[in-house]
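Quick note: residue numbers are just sequence positions, from 1. Excluded from the calculations below are hydrogen atoms, water molecules and symmetry mates; all remaining heavy atoms, backbone and side chain alike, are included.
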Amino acid sequence: MTTAYPVGRAAALPVASRLRGAADQVLRWGLVVIILWFAAFKFTDAEARAIEPLLRGSPVLSWLYAFTDVRGASRLVGVAELTIAALLMLRPLDPRFGVAGGIAAAAMFVTTLSFLATTPGMFARVEWIVVPSGAGGFIIKDLLLLGAALRITGEALGAATRSLPPRS
(Lines give C-alpha, C1' and ligand atoms only; values in the text may rest on other atoms or scores of the structure.)
Protein backbone atom coordinates (compact mmCIF):
# COMPACT_ATOMS: atom_id res chain seq x y z
CA MET A 1 0.00 0.00 0.00
CA THR A 2 1.40 3.39 -0.92
CA THR A 3 0.83 6.48 1.11
CA ALA A 4 -0.01 9.60 -0.82
CA TYR A 5 1.43 12.83 0.55
CA PRO A 6 -0.16 16.16 -0.31
CA VAL A 7 3.27 17.55 -1.13
CA GLY A 8 5.70 15.21 -2.82
CA ARG A 9 9.40 15.07 -1.95
CA ALA A 10 10.40 16.85 -5.15
CA ALA A 11 8.08 19.75 -4.34
CA ALA A 12 9.07 19.89 -0.65
CA LEU A 13 12.82 20.31 -1.20
CA PRO A 14 12.63 23.74 -2.88
CA VAL A 15 10.15 24.87 -0.22
CA ALA A 16 12.52 23.71 2.52
CA SER A 17 15.37 25.59 0.87
CA ARG A 18 13.32 28.78 0.63
CA LEU A 19 12.25 28.44 4.27
CA ARG A 20 15.90 28.07 5.36
CA GLY A 21 16.80 31.15 3.34
CA ALA A 22 13.92 33.13 4.85
CA ALA A 23 14.87 31.93 8.34
CA ASP A 24 18.46 33.07 7.81
CA GLN A 25 17.24 36.53 6.80
CA VAL A 26 14.92 36.77 9.81
CA LEU A 27 17.70 35.61 12.12
CA ARG A 28 20.24 38.05 10.69
CA TRP A 29 18.01 41.11 10.63
CA GLY A 30 16.39 40.17 13.93
CA LEU A 31 19.84 40.04 15.53
CA VAL A 32 20.72 43.38 13.95
CA VAL A 33 17.60 45.02 15.43
CA ILE A 34 18.11 43.48 18.88
CA ILE A 35 21.82 44.31 19.00
CA LEU A 36 21.24 47.88 17.79
CA TRP A 37 18.51 48.35 20.36
CA PHE A 38 20.68 47.07 23.21
CA ALA A 39 23.67 49.06 21.92
CA ALA A 40 21.70 52.31 21.94
CA PHE A 41 20.59 51.61 25.49
CA LYS A 42 24.24 51.30 26.59
CA PHE A 43 24.55 55.07 26.13
CA THR A 44 22.01 55.77 28.91
CA ASP A 45 22.76 56.23 32.61
CA ALA A 46 20.11 53.66 33.53
CA GLU A 47 21.76 50.89 31.49
CA ALA A 48 25.27 51.85 32.60
CA ARG A 49 24.18 51.37 36.21
CA ALA A 50 22.20 48.20 35.40
CA ILE A 51 25.12 46.40 33.74
CA GLU A 52 27.76 47.49 36.25
CA PRO A 53 27.32 44.47 38.58
CA LEU A 54 27.45 42.14 35.57
CA LEU A 55 30.63 43.69 34.18
CA ARG A 56 32.38 44.06 37.54
CA GLY A 57 31.81 40.39 38.36
CA SER A 58 32.99 39.20 34.96
CA PRO A 59 36.56 37.96 34.55
CA VAL A 60 36.22 38.87 30.86
CA LEU A 61 35.01 42.48 31.22
CA SER A 62 35.86 43.74 34.73
CA TRP A 63 39.11 45.28 33.41
CA LEU A 64 37.05 48.01 31.70
CA TYR A 65 36.69 49.81 35.03
CA ALA A 66 40.47 50.15 35.35
CA PHE A 67 40.38 52.45 32.31
CA THR A 68 37.05 54.25 32.55
CA ASP A 69 34.06 54.95 34.75
CA VAL A 70 30.65 53.28 34.83
CA ARG A 71 29.28 55.27 31.88
CA GLY A 72 32.48 54.87 29.88
CA ALA A 73 32.47 51.09 30.30
CA SER A 74 28.85 50.95 29.18
CA ARG A 75 29.64 53.11 26.16
CA LEU A 76 32.57 50.87 25.18
CA VAL A 77 30.24 47.87 25.28
CA GLY A 78 27.76 49.87 23.20
CA VAL A 79 30.39 50.69 20.59
CA ALA A 80 31.34 47.01 20.37
CA GLU A 81 27.68 46.11 19.88
CA LEU A 82 27.25 48.79 17.20
CA THR A 83 30.28 47.36 15.40
CA ILE A 84 28.83 43.85 15.52
CA ALA A 85 25.49 45.08 14.16
CA ALA A 86 27.27 46.95 11.34
CA LEU A 87 29.19 43.82 10.34
CA LEU A 88 25.96 41.80 10.25
CA MET A 89 24.28 44.49 8.14
CA LEU A 90 27.17 44.41 5.66
CA ARG A 91 26.72 40.67 5.00
CA PRO A 92 24.81 41.28 1.72
CA LEU A 93 27.85 43.17 0.36
CA ASP A 94 30.38 40.49 1.27
CA PRO A 95 29.75 37.29 3.26
CA ARG A 96 33.07 37.75 5.09
CA PHE A 97 31.48 40.66 6.97
CA GLY A 98 28.72 38.28 8.03
CA VAL A 99 31.27 35.72 9.21
CA ALA A 100 33.12 38.33 11.28
CA GLY A 101 29.88 39.77 12.66
CA GLY A 102 28.47 36.34 13.43
CA ILE A 103 31.60 35.22 15.26
CA ALA A 104 31.65 38.49 17.23
CA ALA A 105 27.94 38.15 18.06
CA ALA A 106 28.45 34.56 19.21
CA ALA A 107 31.36 35.66 21.42
CA MET A 108 29.21 38.46 22.83
CA PHE A 109 26.39 36.05 23.70
CA VAL A 110 28.79 33.53 25.26
CA THR A 111 30.18 36.39 27.36
CA THR A 112 26.74 37.52 28.50
CA LEU A 113 25.73 33.93 29.25
CA SER A 114 28.84 33.67 31.45
CA PHE A 115 27.23 36.32 33.70
CA LEU A 116 24.89 33.54 34.85
CA ALA A 117 27.90 31.95 36.56
CA THR A 118 29.78 35.09 37.63
CA THR A 119 26.99 37.28 39.02
CA PRO A 120 25.28 36.40 42.31
CA GLY A 121 21.50 36.15 42.39
CA MET A 122 20.96 34.95 38.82
CA PHE A 123 19.06 31.86 39.97
CA ALA A 124 16.54 31.14 42.71
CA ARG A 125 14.90 28.03 44.07
CA VAL A 126 11.15 27.96 43.59
CA GLU A 127 9.87 24.99 45.52
CA TRP A 128 11.91 22.10 44.12
CA ILE A 129 13.26 23.67 40.92
CA VAL A 130 16.05 26.18 40.31
CA VAL A 131 14.98 28.91 37.87
CA PRO A 132 16.55 32.07 36.45
CA SER A 133 15.62 35.09 38.55
CA GLY A 134 16.16 38.82 38.34
CA ALA A 135 18.74 39.58 35.67
CA GLY A 136 19.14 35.83 35.08
CA GLY A 137 15.68 35.77 33.55
CA PHE A 138 16.80 38.43 31.10
CA ILE A 139 20.22 36.92 30.34
CA ILE A 140 18.91 33.40 29.62
CA LYS A 141 17.42 34.60 26.30
CA ASP A 142 20.99 34.92 25.02
CA LEU A 143 21.06 31.15 24.64
CA LEU A 144 18.65 31.48 21.70
CA LEU A 145 20.49 34.52 20.37
CA LEU A 146 23.73 32.49 20.48
CA GLY A 147 22.05 29.84 18.33
CA ALA A 148 20.95 32.51 15.86
CA ALA A 149 24.47 33.96 15.72
CA LEU A 150 25.96 30.52 15.07
CA ARG A 151 23.40 29.79 12.33
CA ILE A 152 24.04 33.03 10.46
CA THR A 153 27.80 32.58 10.85
CA GLY A 154 27.49 29.18 9.22
CA GLU A 155 25.39 30.60 6.40
CA ALA A 156 27.85 33.43 5.75
CA LEU A 157 30.83 31.07 5.96
CA GLY A 158 29.20 28.79 3.40
CA ALA A 159 28.58 31.75 1.09
CA ALA A 160 32.13 33.03 1.55
CA THR A 161 33.56 29.60 0.78
CA ARG A 162 31.41 29.22 -2.36
CA SER A 163 32.65 32.59 -3.61
CA LEU A 164 36.32 31.61 -3.41
CA PRO A 165 38.03 30.95 -6.73
CA PRO A 166 38.70 27.28 -7.47
CA ARG A 167 42.15 25.94 -6.62
CA SER A 168 44.45 25.62 -9.57
Side-chain angles (χ1 to χ4, degrees), residues 1-44 47 50-51 54 58 60-61 74 76-119 122-124 126 129-168:
M1 173 185 240
T2 53
T3 305
Y5 294 98
V7 177
R9 180 183 173 116
L13 291 175
V15 171
S17 179
R18 284 193 296 274
L19 284 172
R20 277 192 303 276
D24 289 343
Q25 293 298 317
V26 170
L27 287 173
R28 180 175 1 294
W29 293 105
L31 275 179
V32 166
V33 168
I34 289 168
I35 293 169
L36 283 175
W37 202 334
F38 290 148
F41 202 41
K42 297 295 186 299
F43 293 88
T44 68
E47 181 69 352
I51 68 170
L54 303 172
S58 169
V60 177
L61 296 171
S74 186
L76 286 171
V77 171
V79 168
E81 291 173 347
L82 289 171
T83 303
I84 292 168
L87 287 167
L88 294 174
M89 286 188 289
L90 291 170
R91 158 58 184 97
L93 299 177
D94 187 328
R96 292 175 294 185
F97 288 122
V99 172
I103 290 169
M108 176 180 69
F109 294 127
V110 166
T111 301
T112 58
L113 285 166
S114 75
F115 297 157
L116 294 171
T118 61
T119 306
M122 293 293 216
F123 293 93
V126 177
I129 189 167
V130 175
V131 297
S133 69
F138 178 75
I139 296 291
I140 201 76
K141 58 120 176 54
D142 286 7
L143 188 56
L144 289 173
L145 296 174
L146 172 60
L150 293 173
R151 171 64 194 165
I152 64 169
T153 303
E155 179 281 324
L157 184 59
T161 303
R162 286 188 300 276
S163 68
L164 292 173
R167 285 187 167 177
S168 49

Could you note down all residue pairs passing ring pair (Phe, Tyr, Trp, His ring centres under 6.0 Å) where residues 83-112 supplies at least one of them, sequence neighbours left out? none

Quick one: side-chain contact (heavy atoms from CB on, under 4.5 Å) partners of [X], sequence neighbours excluded?
X: Leu61; answer: Leu55, Ser58, Leu64, Thr111, Phe115
X: Arg18; answer: Pro14, Val15
X: Val79; answer: Phe43, Thr83
X: Val126; answer: Val131

Taking only residues at least two apart or on different chains, which pairs with a member in [range] satisfy salt bridge (charged side-chain N to carboxylate O under 4.0 Å, His left out)?
range: residues 103-112; value: none
range: residues 92-104; value: Asp94-Arg96
range: residues 27-36; value: Arg28-Glu155

Which donor-acceptor pairs under 3.5 Å do side chains of residues 31-38 form with protein atoms, sequence neighbours excluded?
none

Trp29: side-chain hydrogen bond (donor to acceptor under 3.5 Å, both in side chains) partners, not counting sequence neighbours: Gln25

Quick one: list whatever passes side-chain hydrogen bond (donor to acceptor under 3.5 Å, both in side chains) with Ser74, sequence neighbours left out. none

Any donor-acceptor pair under 3.5 Å from Arg162 side chain to Gly158 backbone: yes

Could you pull out all donor-acceptor pairs under 3.5 Å where a side-chain atom in residues 132-144 meets a protein atom, sequence neighbours excluded?
unit_1: Ser133; atom_1: OG; unit_2: Gly121; atom_2: O; d: 3.2
unit_1: Lys141; atom_1: NZ; unit_2: Phe138; atom_2: O; d: 3.4
unit_1: Asp142; atom_1: OD2; unit_2: Thr112; atom_2: OG1; d: 2.3

From CA spacing to verdict: side-chain contact (heavy atoms from CB on, under 4.5 Å), Leu82, Lys42: CA-CA 10 Å; Leu82 289 171; Lys42 297 295 186 299; over 6 Å; no

